[in-house]
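Residues: numbered from 1 along the sequence shown. These numbers come from a predicted model, not from an experiment.
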Amino acid sequence: MISKLFTATFAAFALALGPAAFGANIARPGTVNYIEGAAYIDGQQITDRNVGDANLNPGQELATQQGKAEILLTPGVFLRLDNNSAVRMISPDLTHTQVELVHGRAGVEVDEIYPQNNLEILDAGVTTQLVKNGYYQFNADQPAVMVFDGKAAVQIGDGKYRVVKSHHQLALAGPNNRAFASQKPVDFNANGARDDLYNWNSLRSQYLAEANNQIAGAYVGGSGFSPGWYWDPYMWDYTYLGVGPFYSPFGWGFYPFGWYGYRGFYGYRGGYGYRGGFYGGGGVHGGFAGGGFHGGGGGGRR
């Protein structure tokens, strides 16, 4: 009874807000999904009110000063800019998504990627293709790619690529640099490398997993569902709904679509090592019927 009431109430709320505020699959690569502090598109400051609507078009730059920003790439992939950093959109196409890190640092969380996706990050003129689910960090000031988890393929020239696997990093230089073409990835201590950018990415991943659980129940049993970006009017950002269950590279559980009863899957397994499980019994953090959403009411910024 509670499940049916929740679905009906949620559907009515979604319709009242309209598709602009509560939509599915209308975001595209380059959509600004979250900001902290000062962020700009081509020098024009954006605010919380622009979240979900502002987009990076080809050639445009998103830059931060004392702040951070998150943009959506292909469904299930988030790029997050550190303080004093900038990224330029090259191609927002779903089958060929390419962005360039202009300066500063960025983290990329890949929760879901398909063979049809060609997802590339340019750093110091070098193209890195993200091949598997995982977490990656890029640095344009000291050009390098760090693969905390996942798999990347770095173009080294003449149509050749260097594979970088989990817990390995590769310094980047111009593709015509012979020394760069000959060097190999080196391993690093992934736990010891968890800096402020990593921790912020993990926190954002946690919030998005919560958002996923807040809204996924409204779609259980619905027709026409497809994996993609879905707007959460409580957290005021897009989250990803797949066919799950799955975990982010930080260990946060995302809802297994199609599991009736809205039990949810929110929990923490410690990063590729299960340590949690089903969370609550209401489908949202804290239980919808037994105390509302996480934080007592959901809505509002984090």
Side-chain angles (χ1 to χ4, degrees), residues 27-92 97-111 119-128 130 134-148 150 152 169 172 193-208 211 229 235-240 248-250 301-302:
R28 64 168 177 81
T31 297
V32 177
N33 199 47
Y34 182 81
I35 60 172
E36 287 182 9
Y40 306 82
I41 293 181
D42 283 355
Q44 298 294 315
Q45 187 167 4
I46 56 177
T47 67
D48 286 350
R49 291 176 296 178
N50 304 120
V51 165
D53 293 322
N55 294 285
L56 281 182
N57 294 313
Q60 288 189 315
E61 288 188 13
L62 174 68
T64 61
Q65 293 181 355
Q66 288 303 308
K68 293 181 171 66
E70 173 183 280
I71 64 171
L72 308 178
L73 296 181
T74 58
V77 181
F78 306 84
L79 183 149
R80 302 186 180 103
L81 276 180
D82 200 2
N83 296 311
N84 301 304
S85 302
V87 66
R88 179 185 297 116
M89 175 60 68
I90 306 299
S91 170
T97 307
Q98 190 178 63
V99 296
E100 178 183 6
L101 184 61
V102 179
H103 63 82
R105 300 195 305 155
V108 183
E109 174 184 340
V110 181
D111 293 334
L119 179 60
E120 297 178 333
I121 310 296
L122 274 69
D123 185 352
V126 178
T127 300
T128 299
L130 307 186
Y135 175 67
Y136 308 80
Q137 278 190 188
F138 292 86
N139 188 336
D141 299 332
Q142 298 178 350
V145 54
M146 301 177 69
V147 181
F148 284 77
Q169 62 182 337
L172 304 176
R194 293 181 179 181
D195 57 7
D196 177 68
L197 179 59
Y198 179 98
N199 292 333
W200 183 67
N201 271 269
S202 179
L203 184 62
R204 283 295 302 156
S205 184
Q206 177 185 359
Y207 290 157
L208 290 163
W229 301 119
M235 302 281 279
W236 202 255
D237 54 19
Y238 283 101
T239 189
Y240 178 69
S248 81
F250 303 97
R301 305 301 302 164
R302 293 302 189 116

| request: May I ask you to say whether Arg88 pairs ionically with Glu100, meaning some side-chain N is under 4.0 Å from a carboxylate O? | output: yes

### Query
Quick one: are Pro92 and Pro58 in side-chain contact, heavy atoms under 4.5 Å?
yes

Here's one to test your reading of the geometry: is the NZ or CZ of Arg204 within 45 degrees of the ring axis of Tyr34 and under 6.0 Å from its centre? yes

Handout entry: Side-chain (Thr239) to main-chain (Leu208) donor-acceptor, under 3.5 angstrom
Key = yes

Can you check whether Trp236 reaches Asp48 side chain to side chain, under 4.5 Å on heavy atoms?
no

Ser85 meets the side chain to side chain contact (heavy atoms under 4.5 Å, CB included) criterion, sequence neighbours left out, with Thr64, Leu81, Asp82

Does any non-hydrogen side-chain atom of Ile121 lie less than 4.5 Å from one of Val87?
no

*Under 3.5 Å donor-acceptor, Asn139 side chain and Gln142 backbone*: yes

The ring-ring contact (aromatic ring centres under 6.0 Å, His included) partners of Phe148 (sequence neighbours excluded) come to Tyr135, Phe188, Tyr198

Taken to the nearest 0.5 Å, the spacing of Lys68 NZ from Asn84 CG works out to 9.5 Å

Is Asn50 reaching over with its side chain to a backbone N or O of Thr47, donor-acceptor style, under 3.5 angstrom?
yes

With sequence neighbours left out, the residues meeting salt bridge (charged side-chain N to carboxylate O under 4.0 Å, His left out) with Glu109 are Arg80

Output for pair (Asp141 CG, Arg105 CZ), nearest 0.5 Å, gives 9.5 Å

d(Met89 CE, Ile41 CD1) to nearest 0.5 Å is 10.0 Å

One should read off an interatomic distance between Gln60 CD and Ile90 CD1, to the nearest 0.5 angstrom, of 11.5 Å

Donor-acceptor under 3.5 Å (Asn33 side chain, Ile71 main chain): no

Review point. So, Asp42 side chain and Tyr40 main chain: donor-acceptor pair closer than 3.5 Å or not?
Key: no

- Query: Under a 4.5 Å cut-off applied to non-hydrogen side-chain atoms, are Val145 and Leu172 in contact?
  - Reply: yes

Contact check, side chains of Thr128 and Phe138, non-hydrogen atoms, under 4.5 Å:
yes

dist Asn201:CG -> Phe78:CZ (nearest 0.5 Å) comes out at 10.5 Å

Separation between CG (Asp53) and CG (Asn55), nearest 0.5 Å, reads 8.0 Å

Mind running side chain to side chain contact (heavy atoms under 4.5 Å, CB included) on Leu62 and Ile46 for me, showing each step along the way? CA-CA 10 Å; Leu62 174 68; Ile46 56 177; 4.0 Å; yes

